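Each remark here refers to the structure printed beneath this line.
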Amino acid sequence: MSIDVQARRRRLMVSTGAMVVLAAAGMSPDYIFSELDARWRVGAFGGAVAVVAGLTAFLQRRMDAEQVHPAAPQAHVPHQLLSDDLLVGRETLSAALIERLRDVPTPTGGSLPGEPSAGQAAVTVVHGAAGTGKTALALYAAHRVKEHYPDGQLYVDLRGDADSPCDSTVVLGDFLRALGAAAEEIPLGRDGRAAHFRSLTNNLRLLVFLDNAYSTEQIQPLLPVGPGCSVLVTSRRNLSAGSTPRRKSFAVQLPDEDLALEVLSAWADRERVDADPVAALEIVQFCGRLPLALRIVGGKLRSREDLTLRQMCARLRDERERVRELSFQSWSLQACLSLMYRDLPEPARVVVGLLAFLPIGRLADWHIRAALPASVAPGAIADELVAVGLMEVHGSEGEESGYRFHDLVRVFAHQQYEALPPQERRDAEERLVRAYRDAVVFLAAGRAPELGAEASRRPRSGNLDPATGGAWVTQESERIQWAIGRARRVGLAEEGVELAEAFTYFLDAVRLPADSAGWLFDAGTEQRSRVVGSLRRGRAATALDSGMPETALEVLLPGGAADPAAPLTARDWTIVARAFAAKGDYPAALEHMTTAVRELRADGDRWHVLTSLEKLGEFQRWRGQPEKAEESQREALRLAEEFGDLRAQARLRRTLAETLGYLRRPEEAAPFLEQAVHDFRTLGDRVWEGATLYALGKIYRLLGRREESLERYDKAEDIFGPMGERMWVGRIDNARIRVFAGLERYDDAWAAAWASLDVFRQLRHDQWHAHTQRDIGWLHLRQGRPAEAVEPLTEAVEVTRRAGDAYAEAMARHLRGVAHRELGRPEEARADLEAALAIYQGGAYEWNEAIVLHDLIRALRAGGATAEADGVESGVAANLAFARTRGRDGAWAIPDEE
């Protein structure tokens, strides 16, 4: 018991006794003279007077003594906080925490508060994953609010990450002794100690720091109840602290990259970090911005001046050694993670290891459920992994939340997984392979009805929706490839082949390396003709998407003809048609795709009708049939909407908008493209997002919104450049030529032209090289150099003619005709212009027809054929586009603008 408490008790006892005696003395005369015999009355009264006088003298002496020697203050005011640690960054979080801890109500002195919650201690929980700097943050804040807690600060490390967390009973004993309680007054049991602790702290201003807490059960007995008290808890878990109403939590997240560099600088040496910022940034990335890891690396660097940042990078570069390398003096990331891993239930250890073993990517409840036996509740496992900080909740606003591993946790968990018994790993991998097989076959059955028999039961692993199957398979692409290979290793060859077959139905949304197809789509000993044919088509489609149309044709048409023993299906002919288009043979492409669409309609194969109409529309547009292209693409878009497939809808909005651009209806095209950009961004498909931004740039140019056009091209290049997509970068530079010229920024236009020409030359892409030569010819024309325009325009005419790209050939002939006209060559001008006119008149290109007619009439007049020119002009009076573009001169105007 503390000394001032003992003094108060003695005063209370003496005062109470005195009052009793005085009360008795006050009533004694009446009692003595009314009840006692006369011979006793005088003696009794004299005795009473003596007692009262003696007691009065005693009390007076006591009060005098206490005035001379006042009661001693509380003997022990504990100040147990550890020394203030280095804190870098965290200004916003630390300020909020300090403000919270400074808000200390006045103790009620035992009276009942107006609000029930006002009579409770405030509990603040600082939580986060291991190594994020929770204790450093909490200590920093605690030291800055000490003056608000004059009755002391208690501290204990509850060893939540140790083999044996601290016993609350032992901690309570330490706290009671720190507050001055005598040993004999400390109860033996936890509940008694907790009650005594609450009594002693009820009227104090006390800060209780519970560091490294393990559970709510551990800290609940350690909570004071006095309103002047605050409890500061650090834990990996966001502990509830029971039912206390005055609780608030602060989540400690990873610092951003700049702050992480500051942490490294603070622990290593700022001058060394500033001297090699590239290596410093690489260290930050290897450490995953984790403060503990950066502190360890900084400590190593500071302890050895000869150790360079680049040498430290080399040590951390090997993922297999990285976690073990992050140990210095008493700090060890491996030891920290090992204790967390050890406390996990067995199923959770298997799940975290297997998921860390997979290719890196976003995780969801589906993965956890798929990796577990059916008897284990996946929600509880997910909750536990998140609670201890081994898995982070991840997801942007508006999408379902998922999970991810910190990179160092992933490396550690992968290593732990490899140490599990082989059979335990095999069982888990078999479950996951079967889950992927069931999921992808189920989703593919929405596109290939013949798979319905194999997808007769819905996968147990989550609510998969065929309408969003393309997005899911795209996201899981690398893991599906892992599962195909793993199936062969664990004796599930049949499941692996069926998974590979189902995967082929999503190659419109998945980009695979060219060399992977032979391995992924290897039929092995498979005998089912449908499966063998699907895998063959998968190999051809992958080759085609990798820019190897000849290889694709060799797979499907070995030696130039179909194998009689394995006849091609309508689905196969769609790949053949696309291969011919990639080779520049558009007539053959259009012929084969038209046939394929007809046969697919007859088969009732609605999904492949959709995808084939999409391509058919492109081929029709290239062959000068834009009105048919629009019809095909609108039908395909309706089918995509019926399927509910967002990716197909977005793709078709993009390609339909391009056709509308050809048809001079940019105001209709723009909303389609803006919606498609949004959809591809939602799907996380950066390639298609970039391609759609590119298309939107052209439409904005046609609408006269040139600056917005350049912005869209810049955004597209920001996507494709880091990907190494040189073909797209070249196309973007090509598209900038007309925008810059329209803004009369000719130096920029020529720079874009030479850059794109160089890319296409290196890629040996004749078609786009020709398109760029056409635009170079036009630039010469616009700047008054028709003689220099003829050669590049001639190349463009010849290449596009050989490829069967009628629309591009017409554009090149039109411009070359204008060049001949400007050079005084009326016959050559007339021949080119009439050839271009014939191509446009063969399709629904009314606007293009009108602008060629303007230049043809100019050429006829320049050549002296005035009467013929007048006849041509009077014959096109009904063409509204001709009237709208009156005065247009092809030697100056941008080719596809008014």
Side-chain angles (χ1 to χ4, degrees), residues 88-89 129-133 253-338 340-341 352-363 389-392 394 404-419 478-479 481-482 485 513 515-516 721-724:
V88 180
T132 51
Q253 308 288 354
L254 292 173
D256 61 26
E257 204 165 73
D258 290 339
L259 277 180
L261 282 168
E262 288 295 317
V263 174
L264 179 62
S265 298
W267 288 104
D269 179 70
R270 181 170 298 280
E271 290 184 2
R272 294 175 71 184
V273 170
D274 290 345
D276 196 346
V278 174
L281 183 57
E282 196 171 2
I283 288 173
V284 165
Q285 291 167 347
F286 284 143
C287 291
R289 312 195 315 276
L290 189 69
L292 175 60
L294 294 167
R295 180 175 186 170
I296 290 170
V297 171
K300 288 187 172 187
L301 289 168
R302 188 176 286 272
S303 69
R304 281 190 54 186
E305 294 185 1
D306 63 303
L307 184 62
T308 68
L309 271 70
R310 292 188 180 276
Q311 287 173 317
M312 182 55 70
C313 282
R315 291 186 181 187
L316 296 171
R317 188 165 287 111
D318 186 347
E319 186 175 89
R320 296 166 299 180
E321 298 297 326
R322 191 175 302 159
V323 174
R324 284 190 285 271
E325 180 65 33
L326 291 171
S327 176
F328 179 68
Q329 296 179 354
S330 62
W331 306 324
S332 170
L333 182 63
Q334 175 133 356
C336 182
L337 294 175
S338 294
M340 296 168 63
Y341 183 80
V352 75
L354 177 55
L355 298 186
F357 186 59
L358 292 177
I360 298 172
R362 184 177 183 272
L363 299 169
L390 283 174
M391 201 163 64
E392 304 169 9
H394 175 62
R404 66 181 177 188
F405 292 122
H406 185 279
D407 200 45
L408 293 174
V409 171
R410 178 188 59 78
V411 172
F412 169 80
H414 187 171
Q415 292 170 349
Q416 300 305 306
Y417 180 72
E418 291 181 330
E478 289 189 27
R479 293 169 181 154
Q481 295 172 58
W482 170 89
D515 296 339
S516 68
M723 290 182 178

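Residue numbers start at 1 and run along the sequence shown. What you see is a predicted model; the values in this text were computed from it and never measured.
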Shortest non-hydrogen separation from Phe286 to Cys313 and the atoms involved: CE1-O, 3.6 Å

Smallest separation among heavy atoms of Leu294 and Ala260, with atom names: CD1-O, 3.6 Å

task: List the atom of Arg302, the atom of Ala266, and the distance in Å for their closest heavy-atom pair.
output: NH2-O, 3.3 Å

query: Any side-chain heavy-atom pair from Leu307 and Met312 closer than 4.5 angstrom?
result: yes

query: Does Arg272 reach the main-chain N or O of Leu301 with its side chain, forming a donor-acceptor pair under 3.5 Å?
result: yes

message: Donor-acceptor pair, distance only, cut-off 3.5 Å: does the side chain of Lys300 make one with the backbone of Ala268?
response: no

Atom of Ala129, atom of Gly389 and distance for their closest heavy-atom approach: CB-O, 3.8 Å

- request: Working to the nearest 0.5 Å, report the span between CG of Leu264 and CD1 of Ile296.
  value: 12.5 Å

- prompt: Any donor and acceptor pair, going by atom type alone, linking the side chain of Arg410 with main-chain N or O of Ala356 inside 3.5 Å?
  reply: no

message: Looking at Arg324 and Glu321, is any side-chain nitrogen of the basic one under 4.0 Å from a carboxylate oxygen of the acidic one?
response: yes

message: Can you tell me how far apart CH2 (Trp267) and CZ (Phe328) are? Round to the nearest 0.5 Å.
response: 10.0 Å

query: To the nearest 0.5 Å, what is the distance between CZ (Arg404) and CD1 (Ile360)?
result: 12.0 Å

message: Please determine whether side-chain contact (heavy atoms from CB on, under 4.5 Å) holds for the pair Val323 and His414, giving the CA-CA distance in whole Å, both sets of side-chain angles, and the decisive distance to 0.1 Å.
response: CA-CA 11 Å; Val323 174; His414 187 171; over 6 Å; no

message: Can you tell me how far apart CG (Leu290) and NE2 (His406) are? Round to the nearest 0.5 Å.
response: 4.5 Å

- prompt: Hey, does the side chain of Gln415 reach the backbone of Arg320 with a donor-acceptor pair shorter than 3.5 angstrom?
  reply: yes

message: Is there a side-chain contact between Leu363 and Arg479 in this structure, where contact means two heavy atoms from C-beta onward sitting under 4.5 Å apart?
response: yes

Closest approach of Gln311 to Asp306 (non-hydrogen atoms, all atoms of both residues): OE1-O, 3.4 Å

message: Please give me the minimum heavy-atom distance between Pro255 and Arg289, naming the atom from each residue.
response: O-NE, 2.6 Å

task: Could you give me the CA-CA distance, side-chain angles and deciding distance for Trp482 and Glu478, then say whether side-chain contact (heavy atoms from CB on, under 4.5 Å) is met?
output: CA-CA 6 Å; Trp482 170 89; Glu478 289 189 27; over 6 Å; no

field: pair Arg322-Asp407: side-chain heavy atoms closer than 4.5 Å
entry: yes

message: Using a strict threshold of under 4.0 Å (side-chain N to carboxylate O), is an ion pair present between Arg317 and Glu282?
response: yes

task: Show your working on side-chain contact (heavy atoms from CB on, under 4.5 Å) between Met391 and Phe405 and close with a plain yes or no.
output: CA-CA 5 Å; Met391 201 163 64; Phe405 292 122; 4.2 Å; yes

message: In the structure I gave you, are the side-chain heavy atoms of Val352 and Tyr341 within less than 4.5 Å of one another anywhere?
response: yes

message: With rounding to the nearest 0.5 angstrom, report the CG to CZ distance, Leu261 to Arg270.
response: 9.5 Å

- prompt: Taking it one step at a time, do Phe412 and Ser338 satisfy side-chain contact (heavy atoms from CB on, under 4.5 Å)?
  reply: CA-CA 9 Å; Phe412 169 80; Ser338 294; 3.6 Å; yes

- request: With rounding to the nearest 0.5 Å, note down the distance linking CG in Leu408 to CG in Leu316.
  value: 9.0 Å

